[in-house]
Amino acid sequence: MIKFIFNLKIIFIKLILFLILIFFVKNTYSNELKPLEEILKKNINSHTNSLITMNRCAAIYGALYFVNPSDINSKEYENRYKIFLQSAVLEDIRINKKNEEESYKNQIEEFKSSIKFFIQIFLQNYKKNNSYLQNHWLEDDFIICEKF
C-alpha cells in the first residue's frame, strides 16, 4: 500500500514537471513561430521588443553563417550574429537586472535553440526555392535585421 502511494506521488510529480516543461517550451517557441513584424506589433513594451529583435536577428545571422560558411557574406553574418547576441545579453542585463554571466548563459541557450530551428527552415526553404530566405516570412525578418 505504501509502495503504491509512493509510486502515485512519483507519477504526479512527473506529470507536474512535464506540464511545467511544456508551458516553458511553448512560451520560448511561440515567438519563433511568428514573423518578427507580427510579434513587434503585439508587444507594446519597447524593451521586450528590443530583446526579441536582438535574439531573432542573432539567430537569423547565425543560421545564415552556419548553414553556408563558404558564402561571400559569411564573415559579415558571423560578425552580425555575434554583435546581436552580445547586444541581447546587455539588453537582458538592463531589462531583467541579471548579472552578466547568468544573462550570457541564458542568451546562449536561447540562441542555440533558435538557431537549430532557423537552420531547419533555411534548409527546407533552400530545397523548395533554391534560396535560404526567398519566398518565406523569414525574408521579411532578415530585412528588418538589416536595418540595424
Side-chain angles (χ1 to χ4, degrees), residues 9-148:
K9 284 183 181 181
I10 296 293
I11 291 170
F12 183 69
I13 290 171
K14 286 181 181 180
L15 178 62
I16 288 174
L17 290 174
F18 177 74
L19 292 174
I20 290 171
L21 178 67
I22 287 176
F23 174 75
F24 284 116
V25 169
K26 179 182 175 224
N27 284 340
T28 300
Y29 288 106
S30 65
N31 288 339
E32 293 178 1
L33 299 175
K34 300 176 193 167
L36 187 55
E37 187 174 0
E38 185 180 324
I39 294 168
L40 297 178
K41 283 181 183 177
K42 287 184 181 179
N43 269 332
I44 298 171
N45 184 339
S46 64
H47 297 300
T48 304
N49 282 350
S50 177
L51 187 56
I52 290 169
T53 302
M54 289 176 205
N55 285 328
R56 176 67 61 91
C57 293
I60 287 172
Y61 282 114
L64 286 170
Y65 170 73
F66 288 112
V67 82
N68 189 6
S70 62
D71 185 289
I72 59 171
N73 296 318
S74 67
K75 190 65 177 167
E76 179 185 345
Y77 295 155
E78 179 184 23
N79 289 337
R80 291 187 72 116
Y81 93 73
K82 289 178 180 179
I83 290 168
F84 276 113
L85 188 57
Q86 185 61 42
S87 297
V89 169
L90 295 174
E91 190 69 5
D92 187 37
I93 291 169
R94 190 172 71 82
I95 293 170
N96 299 315
K97 311 290 187 239
K98 293 182 180 178
N99 67 45
E100 186 174 357
E101 186 178 324
E102 179 185 1
S103 178
Y104 188 76
K105 182 181 173 186
N106 291 342
Q107 294 305 314
I108 289 292
E109 286 304 313
E110 185 163 335
F111 176 74
K112 287 178 183 177
S113 65
S114 296
I115 201 167
K116 290 176 189 175
F117 174 76
F118 290 121
I119 286 173
Q120 287 177 343
I121 290 176
F122 289 167
L123 293 175
Q124 289 172 355
N125 201 51
Y126 192 82
K127 288 179 184 175
K128 184 178 176 183
N129 297 309
N130 205 28
S131 169
Y132 296 115
L133 292 168
Q134 191 175 8
N135 298 326
H136 197 280
W137 57 262
L138 277 173
E139 183 176 20
D140 295 331
D141 286 11
F142 179 77
I143 291 168
I144 290 172
C145 293
E146 279 187 315
K147 295 177 183 177
F148 292 99

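As the structure is a prediction and not an experimental result, all values here were calculated from the model. Positions are given from 1 along the sequence. What's counted below: heavy atoms across the whole structure, side chains too, no hydrogens, waters or symmetry copies.
Residues Phe122 and Leu138 are in side-chain contact: their nearest non-hydrogen atoms beyond the backbone lie under 4.5 Å apart.
A donor-acceptor pair under 3.5 Å is formed between the side chain of Asp71 and the backbone N or O of Asn73.
To the nearest 0.5 Å, atoms CG (Asp92) and NZ (Lys97) are separated by 11.0 Å. Of the inter-residue distances, the one linking Ile95 atom CD1 with Ser103 atom OG reads 9.5 Å to the nearest 0.5 angstrom. Once rounded to the nearest 0.5 Å, the distance linking CD1 of Ile121 with NZ of Lys116 reads 14.5 Å. Here the OG1 atom belonging to Thr53 is positioned 9.5 Å from the CD atom belonging to Glu91, to the nearest 0.5 angstrom. With rounding to the nearest 0.5 angstrom, the CH2 atom of Trp137 is 11.0 Å from the CG atom of Asn125. Put simply, CE on Met54 and SG on Cys145 are 11.0 Å apart, with the number rounded to the nearest 0.5 Å.
Residue Gln107 comes nearest to Ala88 through the heavy atom pair OE1-CB, 3.7 Å, listed as atom of the first residue, atom of the second, then distance.
Remark: of the listed residues Asn55, Leu85, Val89, Leu85 is the sole one forming a side-chain contact (heavy atoms from CB on, under 4.5 Å) with Phe111.
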Please list, one pair per line, the donor and acceptor atoms closer than 3.5 Å that link side chains of residues 57-70 to other protein atoms, with sequence neighbours excluded.
from  : atom 1 : to    : atom 2 : distance (Å)
Tyr61 : OH     : Arg80 : NE     : 3.2
Asn68 : OD1    : Ser70 : OG     : 3.1

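Applying the 6.0 Å contact sphere to CD of Glu146 captures more than 12 heavy atoms from other residues, nucleotides or ligands.
Between Lys105 and Glu101 there is no salt bridge, since none of the side-chain N atoms of the basic residue sits less than 4.0 Å from a carboxylate O of the acidic one.
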Quick one, Arg56 with Phe118, criterion side chain to side chain contact (heavy atoms under 4.5 Å, CB included). Give me CA distance, side-chain angles, the key distance, then yes/no.
CA-CA 10 Å; Arg56 176 67 61 91; Phe118 290 121; 3.3 Å; yes
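With sequence neighbours excluded, the residues forming a salt bridge (Lys or Arg N to Asp or Glu O under 4.0 Å) with Lys112 are Glu109, listed by chain and number.
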